[in-house]
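Let me begin by presenting the structure, written as structure tokens, before commenting on it.
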2 protein chains.
Amino acid sequence: MLSRQKVLKFQKAETDQKDESELGPLARTIGVFLDLTEEEISALDALNRQKIHLAAQQDLYLEGDAIDRTYVLLHGWMCRHRTLEDGRRQIMSFVLPGDLLNHFGAYQPTTIHTVTALTDAVLASFSCHDIVSLSRAYPRLGAAFAWLGARKYSLLEEHVVRIGRRNAYERIAHMLLELLHCLNVVDDSCEDGYELPVTQEILGDALGLSLVHVNRTLRRLRKEGLIQMDSNRRIVILDMDALTEIAEFSPDYLQHRSIPILTEENLQKVG
Amino acid sequence: MLSRQKVLKFQKAETDQKDESELGPLARTIGVFLDLTEEEISALDALNRQKIHLAAQQDLYLEGDAIDRTYVLLHGWMCRHRTLEDGRRQIMSFVLPGDLLNHFGAYQPTTIHTVTALTDAVLASFSCHDIVSLSRAYPRLGAAFAWLGARKYSLLEEHVVRIGRRNAYERIAHMLLELLHCLNVVDDSCEDGYELPVTQEILGDALGLSLVHVNRTLRRLRKEGLIQMDSNRRIVILDMDALTEIAEFSPDYLQHRSIPILTEENLQKVG
DNA sequence: CGTAGAGTTGAGTGTATTCAACTCGGGTGG
DNA sequence: CCACCCGAGTTGAATACACTCAACTCTACG
């Protein structure tokens, strides 16, 4: 569903400052996996939006804030996380270009986590209520938003398994593969490397590990010829098959392949 | 929002075999937190449904099944879980009466986890597509389903923090409190005990711990006078304040208090 | 009375943590 | 220009939390 070409188009658009004839942020995010009609594109692009620039380390919003906006990350990396009183921190997920933030905002009185930029970042923001209205007016778009929510849930469940039942070696392998698949959506010719703009401490906070243990485990993965870490934090997967085996990674949960409700047959069922 | 009285009403209805003038399963689940109109109740009750009885240990569906039904648990406990090849198992969540299962079914080609009955269980099942149709016809009901999804997401995020960054002692304390709050929805006169129909091994699988370590940690909680474990697996919280402090438990994430989109003001915003 | 499942406990092991020191490179200010 | 500092990465050593293996108890059940 997600074609390599479209993803590249998305990434190109991010870096351009002028959108010109390009699609708006939401149309691009949804358009990656769904062929939108002209009317749907117009409706998405007609929403009021604001552009936001954040420097690395800046917070977009804090745990407990009452936020009535939904965001689309256009450029850069962010993370969603929560910190305990004594400083222990858990990252729920990394946020990649195209991802939505505060997706469920209309349904939650306050946020329950903090969102922070890992690199300089650019976002577009929308009113949560506008998105709900739009979802009602355009059922296919509503289904697309719901699908994005279901997909996020699925990714979070996999994160639970990763943290709860895999050891450090498997956890890191699994995370690196997930990021690869999400960045370079799975097709047969996908690339095997990407920039991971994240310190080892942050990786540890995502995986429930200490910085030191992340360091040793990454070194082990390198020593065994499974990955390579260039300068500039570029990760290259050298032995995809072995890594997939170690991590017991099966990409089904990423749901990059199909959106059941958007088939002709199912759209008819729900009227 | 969730009144104690209504919860008790829900539990009463579960055990009755005949519904008589009682509400149907979905109307009861949603009615716990939203005052439904007659029309909405009729619409919910008009959906085709099937009743399902499962014995303890039986699976409702397996990871990878293509399921186009959404379920409401009426009676008993279940869990959603995934198992790695070597047998390590992670429970994503316990499922309590009133909870929905395969909530996102319309948006997912196959399930990514297995659902198993922990006790004898009774469920009602509905067509996923019927629920999507209904959500379109009745926006407040659509919002209610979306809210339930957002709430599940919130609970899962807390589970990530619990597993990723709390130690065994804090993890168990936190889980016991979450279950208490979910069962006995928070009000000032809530009870302090409940039946936990779960072996220590299952608790370990939920918390990413070994059976032996769960055992020792529970014993420590007992020895310190924080909890009591009667026969019949009844848990009594003896020192709620201390336990809340240890677990750093703050019930906001449970979202038992408010449904933003369902206020008058917000319903107007979305038309 | 024997068995099976759950709980309990001890002992030894191991994975991951903490504390600490050191390297390296980039940036800043004297 | 160089000294200094800081953040990130690396490594060693000691510790601790949690796991595995194993044995034993207790209760329910047939």
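In this text, all values refer to a predicted model and were calculated from it rather than measured experimentally. Just so we're on the same page: letters track the sequence lines, and every chain starts at 1.
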inquiry  = What contact category does B:R222 fall into here, base, sugar-phosphate, or nothing, at under 4.0 angstrom with non-hydrogen atoms?
reply    = sugar-phosphate

message = Nearest whole Å is fine: how far is D:dA16 P from B:Y169 OH?
response = 18 Å

key: A:R171 CZ to C:dT15 C1', straight-line distance once rounded to whole Å   = 10 Å

request  = For this output row, return yes or no: ring centroids of B:F249 and B:H181 closer than 6.0 angstrom.
outcome  = yes

inquiry  = Base, sugar-phosphate or nothing for A:R233? Non-hydrogen atoms, less than 4.0 Å.
reply    = sugar-phosphate

request  = In whole angstrom, give the distance that lies between atom CD of B:E201 and atom C1' of C:dG5.
outcome  = 10 Å

key: A:R88 and B:E170 ion-paired at < 4.0 Å   = yes

inquiry  = Counting only heavy atoms and a strict 4.0 angstrom limit, can you tell me which residues of residues 207-217 of chain A come near DNA chain C?
reply    = A:G208, A:L209, A:S210, A:V212, A:H213, A:R216

Separation of C:dT17 P from B:R166 CZ (nearest whole Å) = 17 Å

ask   = To the nearest Å, how far apart are B:R165 CZ and D:dC17 C1'?
value = 14 Å

ask   = Within the pair B:Q200 and C:dT8, is there a side-chain N or O less than 4.0 Å away from OP1 or OP2?
value = yes

ask   = Taking atom types as modelled, is there a side-chain donor on A:H174 or A:R162 under 3.5 Å from an acceptor on the other?
value = yes

query = Taking atom types as modelled, is there a side-chain donor on A:S125 or A:R69 under 3.5 Å from an acceptor on the other?
reply = yes

request  = Using a strict 4.0 Å threshold on nitrogen-to-oxygen distance, state whether B:E63 and B:R82 make a salt bridge.
outcome  = yes

ask   = Expressed in angstrom and rounded to an integer, what is the separation of A:N167 atom CG from D:dA18 atom C1'?
value = 14 Å

message = Can you measure B:L218 atom CG to C:dA6 atom P for me and round it to whole angstrom units?
response = 15 Å

request  = Quick one: list whatever passes ring-ring contact (aromatic ring centres under 6.0 Å, His included) with A:Y194, sequence neighbours left out.
outcome  = none

query = Reading nucleotides 23-30 of chain D from the 5' end, what letters show protein touch, with B for base, S for backbone sugar-phosphate only, - for no heavy atom under 4.0 Å?
reply = --------

task = Considering non-hydrogen atoms only, spot the tightest contact between B:R171 and B:L209 and give its length.
result = NH1-CD2, 3.6 Å

message = Quiz question: by atom type and distance under 3.5 Å, do the side chains of A:D59 and A:T116 form a donor-acceptor pair?
response = yes

key: Pair B:R165 + A:D205, salt bridge at N-O below 4.0 Å   = yes

ask   = In whole Å, what is the span from the CZ atom of A:R88 to the C1' atom of C:dT18?
value = 14 Å

